Amino acid sequence: MKIQSCCFFFFLFLFTNTISLSSTTNTLQQGSSLSVEKPNDTLVSSNRDFSAGFFPVGDNAFCFSVYFTKSKQPLVVWMANRDQPVNGKYSKLSLSKYGNLILTDAKRKKSPWSISNTSPFPLQLKLRNNGNLVLETVNSNVTVIWQSFDSPTDTLLLGQQVTEQASLISSKSEKNYSTGFYKLYFDNDNALRLLFKGPLLSSVYWPAPWQLPIDAGRSTYNVSKTAQLDSLGHFISSDAFEFFTSDYPKRVRRLLKMDHDGNFRAYSFNEKTKTWEVSWQAFPEPCSVHGLCGENGICTYHPVNGRTCYCLKGYKLKNGNDWRQGCEPEFKPSDLSCNHGESFGFLHLQNMELYGYDLKVVKVTSVKQCQQVCLDLCEKCKGVQFKFNRDSTYDCFPKSLLVNGRDSHNIDGDVYLKLPRVTLLDSTMPVKHTPMKCSIENSSQTLNRFYEKPSKNSTLSFLTWVAYGIGVFEISIVFFVWFFLFRTNKNHGDNVDQIQRHLLSATGFQRFSYSELKIATEGFTKEIGRGGGGVVYKAILDDDRVAAVKQLNVADQGEAEFLAEISTIGMLNHMNLIDMWGYCVEGKHRILVYEFMEHGSLAEKLSSNSLDWNKRFNVALGTAKGLAYLHEECLEWVLHCDVKPQNILLDTNFQPKVADFGLSKLLNRDERVSSAFSRIRGTRGYMAPEWVYNLRITSKVDVYSYGIVLLEMVSGKSPMEIHSLDNSGGIEHQRMVSWFMDKVKNAPTTMVWIEEIVDGNLEGKYDVNQVENLVRVALKCVKDDMNERPSMSQVVEMLLQSHEKVRGQPR
Ligand SMILES: *[C@@H]1O[C@H](CO)[C@@H](O)[C@H](O)[C@H]1NC(C)=O
Ligand SMILES: *[C@@H]1O[C@H](CO)[C@@H](O)[C@H](O)[C@H]1NC(C)=O
Ligand SMILES: *[C@@H]1O[C@H](CO)[C@@H](O)[C@H](O)[C@H]1NC(C)=O
Ligand SMILES: *[C@@H]1O[C@H](CO)[C@@H](O)[C@H](O)[C@H]1NC(C)=O
Ligand SMILES: *[C@@H]1O[C@H](CO)[C@@H](O)[C@H](O)[C@H]1NC(C)=O
């Protein structure tokens, strides 16, 4: 009996399968439909990259979606009904006899999604090879009636554009695909922006909200409002924003995604590991995204522990599952009112920023004065942001709400939190509640959408049982297949190893074994460089990539400490920084694996005189961008400390990439002042006076070294050569600088000093305005007083200005 019924189901299974198999095509014809109940009722693009069908998004909940199928996990790239999933029974997508495309839910009368036919011709629904789902006419003149590329959800594929109508909106969380809080869109002023739009609060957070578009390098004059990524990895938007992915110009499958964590990222598909890897992101510092920790919550980020939230002292988490709802006061809000007399105090919180909800902005001369401003505002003021300005004044921002809080070493500002004195003095209340992982990703619930049973009917109930049986049988087949695959995987130890090795691939780098690198470098024989704490070898990796392998002399560094530093460096991602592919930590070996640069270093190219003026200028600009990123866009403590031409490498297009960054110890604030930098770092000739006079080391040491590199690029003379030109004495680090200063100051006209300074090898082929600007910028960078030096991002701006001035001039 058992065997018989088993056979019966087996035949049924075969039968359903043959019907399903016949439907693996890329088109749906008029008068046919795809059913949610048949897993194989999908459209498959003819290159088999994409499928379109019902995708499970919860318990008995499905969304009609296009998904990429070449990856280990299918990746949804578009959804028709992300906010109204349909029932797992009786729901279907039909292309009607009259050409209307309709998604129907089991019992709901109203369709959650539909497209009406506007053409007199017969239609078909086709899934194209690029992932575009198109409703088009079937005649000699194919016309597109509707396409999924025009209404993206959170993903942009190659060939697809962001436009005024087509913005990207993130999903709620990793598992909940419904419309989330973050939006990439073209604003009314034609600028491309990122917006946080929560249920209660909303704000633009990219480009930096306190910047004018023009200061962020954006143009507001082009009304075309389009942006797209090409297959080489170049993104360009009509507001002049552009970026190159870290793997540019490799031709790979790519996509852009408005991620649920508020970051906007570019991904490249790794054919080997079958995973999508991040190749660019808008925020290396994830706390800069708004709305993460809610009201009265503070976001903090650590490269190893990730992003976490905590509540300010006196406040507690409102909803244990959802940080977005923020924290609520543990005291009565009326406790902050003025009727309570003198019962408040202020809690000082360093390196903290709260953005938005300023009651006003007041220039003050002291903290006391700022606190008084807040006290005068009574219960309206919850605390103040206090900021030091360059002109030695302070800005005071009393806050009506404490939102978009972040806490990071690179924030130059303090918060004074207003609290009832009782709360302030309550030592049982921690200043920071123990940080925990932001649980935004946790907020997925299962969807309760049970299908109402139709009236009891014996035939139907028999069919239900049959369907049930098929279901059970298919599940067991799936289980078998899974079990079989799992077993085979286990048998290949290599495979598991492979997976472990690529665990870190989300950040783009992997762990190598020592033996592997020994083979790749032919036993560490092909030395290509030395210095900066180790020897560098050329290597060919087993996937044929050419790499530079650096063996560090760090004898006494623990594995955990090393890994922590490496994971920070591995997260840095900029077109003007050398890309780190991986590392090896085994026994006493500490090895870094970088991309190999065909053109070698700036030092070699300068001495062999193979750089014309344009190339030199581009190297100056790119290097500044790379350093600005190190100092300001990621964690400030990534100081380079050894900027020199030997550490600026050139790629095939002579674009500079800064190498050897991040090797100076990770600093935190206390160490910065004292121990970690007590030893002198850097290279003679390029070192800032702070090293010599034992002053506080800040990012301005790199600015100084960069200035010297600029002077060297203009003059073709290294600081050591100048040393021998000049016999006037003086402290060594100043000789190059004073040589230039003298020339600039004492020449009768600009033309005269330019001709005296510029590298004779350029044979007069250079742009006078650019040279002048470059030298003036360089001389600002090498000021003795570090406070007079510009920051690297200011340098980038100054260089870009001269660049544009020059380009704008008729020649
Ligand atoms: C679906 O189709 C694939 C081939 O396209 C086949 O391998 C698989 O067994 C089918 N599954 C079901 C449940 O019909
Ligand atoms: C094809 O269709 C488009 C849109 O309906 C129309 O503008 C165009 O003239 C047609 N071309 C031909 C050759 O019929
Ligand atoms: C506007 O942007 C588009 C797309 O980037 C570009 O093709 C066009 O030339 C721009 N127009 C102007 C006036 O700059
Ligand atoms: C997040 O989810 C995990 C498992 O799903 C659970 O153990 C944990 O408590 C959740 N965290 C929060 C803050 O809800
Ligand atoms: C996704 O989130 C929304 C809003 O929080 C919720 O209503 C819905 O049930 C969630 N869906 C799933 C599948 O968890």
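Excluded from the calculations below are hydrogen atoms, water molecules and symmetry mates; all remaining heavy atoms, backbone and side chain alike, are included. The first residue of the sequence shown is numbered 1, and numbering continues consecutively from there. As the structure lists them, so they are numbered: ligands from 1, and atoms in each ligand from 1. None of these values were measured; they are calculated from a predicted model.
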Taking only heavy atoms of V57 into account, list the atoms of ligand 5 that are under 4.0 Å away from them. 13 (C)
Hey, are S279 and S268 close enough side-chain-wise for a donor-acceptor pair under 3.5 Å? yes
What residues sit with at least one heavy atom under 4.0 Å from ligand 3? N222, S224, T226, S238
Determine whether the aromatic ring centres of residues F62 and F55 are separated by less than 6.0 angstrom. no
Residue pair T300 / D407, side-chain donor-acceptor N/O under 3.5 Å: no
Counting the benzene-type ring for Trp, do F264 and F283 have ring centres under 6.0 Å apart? no
Side-chain donor-acceptor contact under 3.5 Å, N60 with N87: yes
If the condition is salt bridge (Lys or Arg N to Asp or Glu O under 4.0 Å), which residues does K225 pass it with, not counting sequence neighbours? E164
S178 near ligand 5, heavy-atom distance under 4.0 Å? yes
For T104 and S111, indicate whether the former's side chain and the latter's backbone hold a donor-acceptor pair under 3.5 Å. no
